[in-house]
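First comes the structure, then the notes that go with it.
In this text the structure is predicted, and so the values were computed from the model without any measurement. Atoms within each ligand, like the ligands themselves, are counted from 1 in listed order.
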Amino acid sequence: MKASPTRPTKAIIDLEAIAANVDQLAAHLPENTQKFAVVKANAYGHGAVPVAKKLAPIVDAFCVSNMDEALELREAGLDLPILILGVVPKEVLPLAIEYQITLTVASLAWLEQVLVSFSDLTGLKIHLKIDSGMGRIGFRESQEVQQAVSLLSQAGAEVEGIFTHFATADEADDSKYQSQLARFEAVLADLETVPSLVHISNSAASLWHSDSVQKAVRLGDIIYGLNPSGRDLELPYPVQSALSLVTEIVHIKILTAGQTVGYGATYAASQEEIIATLPVGYADGWTRDMQGFEVLVDGQHCPIVGRVSMDQTTIRLPKIYPLGTLVTLIGRNGTEEISATDVAIYRGTINYEVVCLLSDRVARFYKGAD
Ligand SMILES: *Cc1c(COP(=O)(O)O)cnc(C)c1O
């Protein structure tokens, strides 16, 4: 989908805030902890290339989810290490070697298939993924990890790292976290040699389990200023949210009692009401279930009335405002703020999904690009 930069609906991304958040994390982690900035999914909707360019001087590597995301960074001239966290199709192996993209090896079955097609892996860097209890991808048995190390080394690949991922690092109860940590440490203890780059911590583990951080951390949600637990756990130190979503009033009218708004006529004015229309809808990632939520106009909370449609949303105003008046869907307006977490909780989801779902149609504008 093409971005629509002529429309007043836009995401404003504060790159200085993202850099400050990385610095804030670094200040609270053991010295010399390597920082991997997770910029998968277009940097959680914030824009992978601008975010990566801003962070390149202050992080050690980037993490993405697939080869195309990795190549986007390389094509933009970024030359830091890039780790692909997911399983890639074996056909992309030559690209990984050519563009120096580090791959995750998560199973023997995958590796054996790769070796059928590519016997020489010289120049390839690998991190091994251990499934310590997340239950998605990764080795579960030490012997298989050891076997993978042997096969990779014989084929000329460099096994640089080993990592795992936690299912519940954002929860108050740490029993599952501790059992995963123990399982991972047991695998490491079984290996003849442990790869040099051991990393286990996502944002939540870096925040609330900073005592068990290893050589590197993989920081996603938190660098965008979002609390990975939503409102469940308090952040141990403050961060700044980086993304605002704004638009403008493009149409205004006065309805009399009984007149309805939007598809399905789900809302009827109960008296004379001022209804404004905003050029934003579910095609922007402002989903249909936002009916009944609110936006900010002139520092006041105004309800979303009627169905959110593909390209338009309707709100009720306390008084008439001029066309072109700023409306904040996510972010600060006057003394009030609506956060991505507020939106997420209303929608019954997590802030990650709210920012990732902002579609390409929403033009991104950057503050603090170098
Ligand atoms: C996405 C991802 C991360 C980052 O998670 P956050 O909660 O956003 O910090 C870290 N590690 C892996 C394996 C991931 O897939």
Judging by distance only, is a nitrogen or oxygen of G220 under 3.5 angstrom from one on ligand 1?
yes
Would Y352 count as being in polar contact with ligand 1, using the rule that some N or O on each side must be under 3.5 angstrom apart?
yes
Any donor-acceptor pair under 3.5 Å linking the side chain of R183 with the backbone of V187?
no
Side chains of S229 and D170: donor-acceptor distance under 3.5 Å anywhere?
no
When distances are taken from atom 4 (C) of ligand 1, the protein heavy atom at minimum range is Y44 OH, 3.4 Å
Gap separating the CG atom of L124 from the OG1 atom of T102, nearest 0.5 angstrom
8.0 Å
Per-residue contact class, S203 against ligand 1 - non-hydrogen pairs under 4.0 Å:
both
A student comparing R218, H165, K40, H199 should find that the heavy atom closest to atom 2 (C) of ligand 1 comes from K40
To check you understand the geometry: which heavy-atom pair defines the closest contact between Q147 and L108, and what is its length?
OE1-CD1, 3.6 Å
Using a 4.0 Å cutoff against the non-hydrogen atoms of D221, which atoms of ligand 1 qualify?
6 (P), 8 (O), 9 (O)
With a cut-off of 4.0 Å, which atoms of ligand 1 are near a heavy atom of N202?
5 (O), 7 (O), 9 (O), 10 (C)
K35 and D23: salt bridge (charged side-chain N to carboxylate O under 4.0 Å, His left out), yes or no, with the steps?
CA-CA 10 Å; K35 295 168 295 283; D23 287 338; over 6 Å; no
One thing to verify: whether D342 and R231 come together as a salt bridge, which I'm taking to mean a side-chain N less than 4.0 angstrom from a carboxylate O.
yes
